[in-house]
> 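I have a structure here, written as structure tokens, and I will follow up with some questions on it.
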Amino acid sequence: MISAENSWIVAWGEAFGLPEGVPHWIYSAAALIFIFCFVIVPCGGLMSYFERKLSADLQARVGPNRAGPAGILQPIADLLKLLQKEARSEWNWKESLWLSVHTMALFSTLAVLPLGSMALLVNTEMSVFLPFWSALVLALGTMLLGLSQNSVPGWFGGIRVAAQTLAGSFPALISLLCTGVRSGSFRWSALAESQGFSPWDWTVVANPFQLVAFCVFVVSGLVLLAIAPLDGGLSMSDIHGGVSSHLYGMRLSLFRFGRFYGFFFWSVITVVLFLGAWDLPSQLVIPLRMGGAGRLLAFIELAWLLIKTFALMLLIIWIAKVNSRSRVDQITDFAWKVLSPFSLAALVGASLCAGWRAF
Amino acid sequence: MNDSNGEVLRTDLTSWTIGPYHGSLPAPMKLCLSLDGEIITDCEVETGFLHRGLEKACELHSWKATVAYADHLDPECAVFGELVLCLAVEQLAEIEVPLRAQCIRVVLAELARISGHLSFMVRMAKAVGSETIIHYLLRDREKILDLFELLTGARFSLNFLRYGGVSADVTDGFIERVLEVCELIRIRMKEYNDLFTFNFGFLKRTSEVAAISKNLVSHCGMTGPNARASGVSIDVRKVFPYSGYDRIDFEIPLGHGEGGVVGDVHDRFLIRLREITQSMEILKQLLDVVPAGDYMSTKCDQTSVIPPGESYVRIESSRGLLGCHVVSDGRNSPSRVQFRTPTVANLLAIPQIVRGIRIEDLPVVLASLDLGIAEADR
């Protein structure tokens, strides 16, 4: 599914010295592994460090400060510790199965993750919607993971996650349409081109309806993927973290990393749709592109995109830390009765705005 | 569902037993829940996991040593156990407590009440999953524990009260530091209000959840903040004043149903918040004029034998009416010491109020009752 006009992998392959004539699927696989190892995993470590330091600052604590300078190596120390956990005696094949299904569904979204104008593996009219299906498959995987555990917290956690996902996906989908209405296409590249470097060129401030759509999209993403503070499905106080209550060691780190990744990919998509994507000032882009420094440009774009993503994630974490966790029935109510009407209104408004501009 | 005894099981309801140790429980106890989906239809409470035989231990030790056992009645607010036992023994032996000692006792009791209510708020915050405020509250409670340490040398099990007074006079600077802490908490009240009282998410979790009616209050014999949140004006400090509470001017806050229904979780929370303010008011009045004199009754010899007889005394602990019945037969140790603790009544109310709520609310409701399992199981 590599689009002809944007076969960025070929350019990358040349840059990395891969011989010509290598089949595209090898390029794609190599690219996916590269993105996972050198973008997603380091981001996960960094983000968990930032989250802990930020919450420590908010909560009058010190936070991690032992492993490495200012505790920066704490995520690695935690991972190593979790990997050392002794295996539990009973082995639940259903749990293993669903954990792998869940993880595969999750990381299949890597292929559609937009990480810069030259890092678009799948750039079609459908690409915006693909992460969506993955999110739904992910919710299904999480639910079945919960149901496969022989414990009440797992069952309730699984069912709650499924209920939340169903409630959150409708407003998310509708508010997603608003951006396509503005840019006229659902290609990642078109969505990015319709915006600019300056915040005034971002979709979110294009008109009030886009702002509403942005708010609805962010909040319904939290509902859809059960991210704090709307994470009733993984509530700690009553069901011990729901689905994750029976996971330990390696599995727990896999599940937690998956949770981080869900949050991360939703934030990346939000930034691409509403917050100016990877757009840099044209004074910077044109000389780089003309001068043949495409790789440098790709890195700068990626860095700029990730900075905005991290800022958005930290903002959400900040809100989550100070507020209490909402109840699942209230979350689903909110999604159906508040988010959905707002998203529909935003879609109508955004369409009218687009129509007005067209004349 | 198969059942080997051939007993017919209802398949429409799920049963879930949580405890003795579980995240949603404030202390070791067991709840057998029947669930219809996520709605609790029935609940049985089982306690006794923290039984230490305190009352029996009191009988096996000398009169002097019983104070240390009363300390452990409720480890969180140790002063109340000590105070009620000392008052009971003093009533029995007709020991006069000097005014200065009474004042120090009330200062300790009110500090313990503030500390207890702050811990209550910590448990509430944990139950609703609001992480930040936990640390704020614990930071402020630490200041009160520092005061305990300054005066008594211990932070939790003070073992400071004696029959006829207290074991030491206030140290230099103690009074100033108490007032400083009061001022600090008064300022922090705004923070608590922002993060709790006026917080939309917190209101959504607590208002109109598990309301306790006046009938239920009298039916279960509930006292303390839980009863007052339901609008029942009962406070031992006003009704049967002790240790000079009659000389202090303070108010008893009552629940008005700000969250929607009188006596719901939000009311029970607000009552505690307001009681902290009242306790600080009491402390300010007390420390304005600390009476001069002895901190210990000169006539009372700690080794003396308590005359035969019995007495019953009640005080207002941070959880409600705490009573102590002491019987002496003239020997060196008590013949019987028995406590009436407020948590027992609160436990009785649980099955009534959790019916119809969701599982997610269970930790919140349990936290809102401020259960002190240590004093219920003793």
Side-chain angles (χ1 to χ4, degrees), chain A residues 51-52 54-63 146-147 150-164 219 222 226-242 244-245 317-334 337-338, chain B residues 14-18 21-26 31 33 35 37-40 123-140 142 188 191 194-209 265-266 269 354 357-367:
Chain A
E51 178 183 349
R52 293 175 69 169
L54 175 81
S55 51
D57 281 351
L58 289 175
Q59 296 169 351
R61 301 186 280 122
V62 179
L147 295 181
N150 296 321
S151 69
V152 180
W155 298 336
F156 282 129
I159 295 291
R160 284 181 192 179
V161 166
Q164 264 190 254
V219 178
L222 304 185
I227 297 162
L230 303 178
D231 58 344
L234 296 128
S235 162
M236 232 26 226
S237 57
D238 57 337
I239 51 170
H240 278 308
S244 62
S245 66
I317 289 170
W318 183 10
I319 294 170
K321 290 285 170 194
V322 242
N323 282 293
S324 39
R325 175 182 290 114
S326 305
R327 237 163 51 187
V328 164
D329 62 322
Q330 289 171 348
I331 296 173
T332 47
D333 259 21
F334 178 67
K337 293 180 189 164
V338 180
Chain B
T14 322
S15 61
W16 188 22
T17 306
I18 51 178
Y21 297 99
H22 187 271
S24 64
L25 302 172
L31 295 182
L33 303 172
L35 303 167
E38 286 215 46
I39 313 270
I40 297 171
R123 286 188 294 268
M124 278 298 279
K126 258 187 200 160
V128 298
S130 157
E131 211 182 291
T132 302
I133 184 98
I134 297 175
H135 297 276
Y136 289 2
L137 292 163
L138 287 177
R139 175 186 64 187
D140 298 342
E142 206 66 5
R188 293 275 161 79
E191 225 166 57
D194 286 347
L195 285 165
F196 267 137
T197 323
F198 307 127
N199 182 310
F200 178 74
F202 185 72
L203 273 168
K204 283 291 260 186
R205 286 304 299 269
T206 53
S207 37
E208 298 180 21
V209 173
V265 172
H266 195 251
F269 171 80
V354 300
I357 66 164
R358 302 174 64 87
I359 310 176
E360 283 172 294
D361 284 332
L362 183 68
V364 183
V365 172
L366 292 181

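Order of the sequence lines fixes the chain letters, A, B, ..., with proteins taken first and strands second; residue numbering starts at 1 for each chain. Keep in mind it's a predicted model, so treat the numbers as computed, not measured.
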> What residue, out of B:L362, B:I133, B:D361, B:N199, has the most heavy-atom pairs lying under 4.5 Å from chain A?
B:D361

> How about B:V354 and B:L31: do any of their side-chain heavy atoms sit closer than 4.5 Å?
no

> For the CG atom of B:L25 and the CZ atom of B:R123, what is their distance to the nearest 0.5 Å?
12.5 Å

> Evaluate the ring planes of B:F269 and B:F202, with Trp represented by its six-membered ring, and classify them as parallel (under 30°), tilted (30 to 60°) or perpendicular (over 60°).
perpendicular

> Below 4.5 Å from any heavy atom of chain A, which atoms of B:L35 appear? Answer side chain, backbone, both or neither.
side chain

> Are B:R205 and B:E360 within salt-bridge range, i.e. N to O under 4.0 Å?
no

> Using heavy-atom distances under 4.5 Å, tell me whether A:R327 contacts chain B through its side chain, its backbone, both, or neither.
both

> Between B:I359 and chain A, with a heavy-atom cut-off of 4.5 Å, which part of the residue counts as in contact: side chain, backbone, both or neither?
both

